[in-house]
Peer 1: 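Please see the structure below; I have some questions.
Each chain gets a letter, A, B and so on, in the order its sequence line appears, and its residues count up from 1. Quick caveat, the model's predicted, so the values are computed rather than measured.
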Amino acid sequence: MRIKSLHIPTLREPPKDAETVSHQLLVRAGYIRRLAAGIYSFLPLGVRAVEKVKRIVREEMDRAGAQEVVMPAVIPAELWIESGRWPVYGPELLRLKDRKQAEYCVGPTHEEVVVDLARKDIRSYKQLPVNLYQIQTKFRDEIRPRAGLMRGREFVMKDAYSFDASIAGAHASYKLMYDAYCCIFERLGLVFRPVEADTGNIGGSMSHEFQVLADSGEDAIVACDGCDFAANVEKAPLAAQPFAPIGATGPARVIDTPGTKTIESLCKLLGCRPDQTIKAVLYMADDQAAVAFVRGDREVNEIKVKKALACANLHLADAEWFAKTTGMPPGYVGAIGTTNVQVIADFEITAMPSAVCGANAKQQHRVDVVPARDMADVAFADLRMAIAGDPCPRCPGKLRAFRGIEVGHVFYLGQKYSKAMHATFLAEDGKEQHFEMGCYGIGITRILAAAIEQNHDARGIRWPVAIAPYEVAVLPMALEGEQLTVAEELYAALLQVGVAAVIDDRDERPGVKFNDADLIGYPIQIVVGKRAGERVVEVKLRHAGVKLELSVDGLADKLARVMVTCRLGPALTAEALS
RNA sequence: CGGGGCGUAGCGCAGUCUGGUAGCGCACUAGACUGGGGGUCUAGUGGUCGUCGGUUCAAAUCCGGUCGCCCCGACCA
């Protein structure tokens, strides 16, 4: 295409409502425009990049035996009522009424619809397994949409659902998708890691997230340096520890510690370290007061707390409410002598030889607390967030910490939805049986943001070839004479051999063309300048930051050959062109 | 929902405290020069100052309501 006739409105300055790199660059380079919070239009470049991602996803899904369908975006409430999710999904679900006041929602996910499809048409185990997928615009009314395409309310998702006759079959389907996802992210040219994940509200017993590694990622993950264990910190289990021997010289005693509601102020007053204290985190668990104790320097993992307490809703407690309900003063809550409260404590506390904790009395703490001696009646569990340096739960290795952007998620669902919606088939033994299901999502539009977070520099985007909206930009420095004729010749030759090329035929100064090209992120820029008369042009590789002087003769064919490989994932290198 | 910030030309901003002709840079239009990293000059186009109401001779500016946007947290996958 000729850039002069393309709608690529690039901006010199980043819009003020964008802070994240990928958000700024997507807007500045003319890929997207915001319409409302978390709702974006895709401009021509954006559409092309999205289509390339979709194409790779389709190819790999099809290869894995999944079949594409398209389900409605607007879903009747009755299906969601049937599955039981209508009352529990909350305000994230965009609900609507039609002219007859009948209720609907805009699908944030499609388990209900796909189960309805399956139960209507799949009658026999002979029809199984089946895996149906779609690529569709979803809507989730996020509490806080942010960072452009990273967490939008409206976004494009690939969602797949597998139906199997047995658990073993479902596991095989899960494995197929897991492998397909690895291929997809590999082909997209992303540095990613599959990690074990919490199953959240979707339910089921097995789940992996596919995380694109980036410092700006929302998710914290840990990975072992000795084996292939990797997990979201929300999930990463930490082992119980043996009780430490008594480290205090005498019995626990209460001392006055005025104005020490925080661990920091307490340590300052007593001259101790946070890891010698016990922190109390106050919760409201299904309307009951609960307190979780962790070592003073640790973070509580609420997902683990929720599981340990076996409650449905868990929120940090309002201090006043907590005081009124339990009679204990927030800021001075300790593990000994608790009242009217459910108590749990992290395993790690057992390994503390002696500790400081609240005395359950205002302005007082208890010192020389020995968990092994003084907390015998407390329930211990794995409650804290894993961090770098923690022991691996699988091997003697240690965990390392990373940040990641979740671009894919696979779940083994079991019969959760098939049971709720009475979706059955006739098994080999003639008995009615519920489908074993799995569901598998990929955030198509989020991939664009994640790819940029991982591939950018101060000048702009450095797309992997697999995602780039165009592969080559031909930049004639002058729009006349040999420079123009050589540029036109090369451009035509590139199109001829199937390379996605553009020619910057705008009457702009070189600097403008360079800056736009760098910003937009074409993997290859071909500068046709002063040496055009010798049929020599400059080939710049955006990602590698390399410039090569090459002859135009045979260049298009050479690029076409190299592109065939690069479209499959491998990065573009100078060696490939020399 | 809690905390913080912001709404003035297509984009980025000043002006608001201390009420009095709505400004700057970029972009855009026309012409000339220029031509390897957002060039120069000349002449232009473009704004109900988010919105509703109040105070005032007079409101972008003061007061009240409301809508929207961004960031942190809570929440969610």
Peer 1: Can you list everything that forms a ring pair (Phe, Tyr, Trp, His ring centres under 6.0 Å) with A:F210? Sequence neighbours excluded, please.
Peer 2: A:Y178, A:Y181, A:F185
Peer 1: Over all strands shown, is A:P15 touching base, sugar-phosphate only, or nothing at heavy-atom distances under 4.0 angstrom?
Peer 2: sugar-phosphate
Peer 1: Within the 4.0 Å heavy-atom criterion, would you say A:D141 contacts the bases, only the backbone, or no part of the nucleic acid?
Peer 2: nothing
Peer 1: Tell me whether A:E488 is salt-bridged to A:R2, with the criterion being a basic N under 4.0 Å from an acidic carboxylate O.
Peer 2: yes
Peer 1: Could you go through nucleotides 68-73 of chain B and list every protein N or O atom that sits under 3.5 Å from one of its N or O atoms, giving the distance for each pair?
Peer 2:
unit_1: B:C69; atom_1: OP1; unit_2: A:A37; atom_2: N; d: 3.0
unit_1: B:C71; atom_1: OP1; unit_2: A:A147; atom_2: N; d: 3.4
unit_1: B:C72; atom_1: OP2; unit_2: A:R144; atom_2: NH1; d: 2.9
unit_1: B:C72; atom_1: OP2; unit_2: A:R144; atom_2: NH2; d: 2.6

Peer 1: Would you mind telling me which of A:W86, A:Y89, A:Y104, A:Y417 makes a ring pair (Phe, Tyr, Trp, His ring centres under 6.0 Å) with A:W80?
Peer 2: A:Y89
Peer 1: Within the structure provided, determine whether A:L6 and A:P44 are in side-chain contact (heavy-atom separation under 4.5 Å).
Peer 2: no
Peer 1: Suppose you measure atom P in B:C11 against the same atom in B:G47; what distance do you get, rounded to whole Å?
Peer 2: 14 Å
Peer 1: Using a 4.0 Å heavy-atom cut-off across all strands, classify A:P9 as base, sugar-phosphate, or nothing.
Peer 2: nothing
Peer 1: Rounded to whole angstrom units, what separation is found between the CZ atom of A:R542 and the C1' atom of B:G37?
Peer 2: 13 Å
Peer 1: According to salt bridge (charged side-chain N to carboxylate O under 4.0 Å, His left out), who are the partners of A:R28, at least two apart in sequence or on a separate chain?
Peer 2: none
Peer 1: Taking the C1' atom of each, how far is B:G53 from B:C67, in whole Å?
Peer 2: 14 Å
Peer 1: Between B:G46 and B:G36, how many Å separate the two P atoms, rounded to a whole number?
Peer 2: 36 Å
Peer 1: Below 3.5 Å between N/O atoms, which protein atoms pair up with nucleotides 39-46 of chain B? Just atom names and distances, please.
Peer 2:
unit_1: B:G39; atom_1: N9; unit_2: A:R509; atom_2: NE; d: 3.4

Peer 1: List for me each residue that meets ring pair (Phe, Tyr, Trp, His ring centres under 6.0 Å) alongside A:Y161, sequence neighbours excluded, and say none if there are none.
Peer 2: none
Peer 1: Please list all pairs passing the ring pair (Phe, Tyr, Trp, His ring centres under 6.0 Å) test where one or both residues lie in residues 20-47 of chain A, with sequence neighbours left out.
Peer 2: A:H23-A:Y40, A:Y31-A:W463
Peer 1: Give A:R531 one of three labels, base, sugar-phosphate or nothing, depending on what nucleic acid heavy atoms sit under 4.0 Å from its own.
Peer 2: nothing
Peer 1: Sequence neighbours left out, what passes side chain to side chain donor-acceptor pair (under 3.5 Å) with A:K54? Give chain and number order.
Peer 2: A:E51
Peer 1: Taking B:U45 as the reference, what is the distance to B:U51 when you measure between their C1' atoms (whole Å, please)?
Peer 2: 27 Å
Peer 1: Using the P atoms only, state how far B:U56 lies from B:U61, rounded to an integer number of Å.
Peer 2: 16 Å
Peer 1: Going by modelled atom types, is there a donor-acceptor pair between the base of B:G37 and the side chain of A:K540 at under 3.5 Å?
Peer 2: yes
Peer 1: Given the C1' atoms of B:U42 and B:A58, what is the spacing between them in whole Å?
Peer 2: 38 Å
Peer 1: Quickly work out the A:D507 CG to B:A30 C1' distance and round it to whole Å.
Peer 2: 15 Å
Peer 1: Write down the distance separating the C1' atoms in B:A9 and B:U55, rounded off to the nearest Å.
Peer 2: 29 Å
Peer 1: Considering heavy-atom distances to RNA chain B, does A:E218 or A:K530 have its closest nucleotide positioned more toward the 5' end?
Peer 2: A:K530
Peer 1: Residues in side chain to side chain donor-acceptor pair (under 3.5 Å) with A:D505, at least two apart?
Peer 2: none
Peer 1: Using whole Å, what does the distance between atom C1' of nucleotide B:G38 and atom CG of A:L519 come to?
Peer 2: 11 Å
Peer 1: Using only side-chain N and O atoms of A:K513, determine if any of them is under 4.0 Å from OP1 or OP2 of B:G36.
Peer 2: no
Peer 1: Pick the C1' atom in B:G38 and in B:G44, then give their distance to the nearest Å.
Peer 2: 22 Å
Peer 1: Tell me the interatomic distance from A:F139, atom CZ, to B:C76, atom P, rounded to whole angstroms.
Peer 2: 19 Å
Peer 1: A:E92 near the nucleic acid: base, sugar-phosphate alone, or nothing, with a heavy-atom cut-off under 4.0 Å?
Peer 2: sugar-phosphate
Peer 1: Round to the nearest Å and state the distance from A:N515 atom CG to B:G36 atom P.
Peer 2: 14 Å
Peer 1: Given B:G38, B:G37, B:C76, identify the nucleotide with an atom nearest to the side chain of A:R459.
Peer 2: B:G37
Peer 1: Would you call the rings of A:Y174 and A:H208 parallel, tilted or perpendicular, where under 30° means parallel and over 60° means perpendicular?
Peer 2: tilted
Peer 1: Look at the side chain of A:E508 against the base of B:G35 and say whether a donor-acceptor pair falls under 3.5 Å; ignore hydrogens and angles.
Peer 2: no
Peer 1: For A:Y133, what residues pass the ring pair (Phe, Tyr, Trp, His ring centres under 6.0 Å) criterion, not counting sequence neighbours?
Peer 2: none
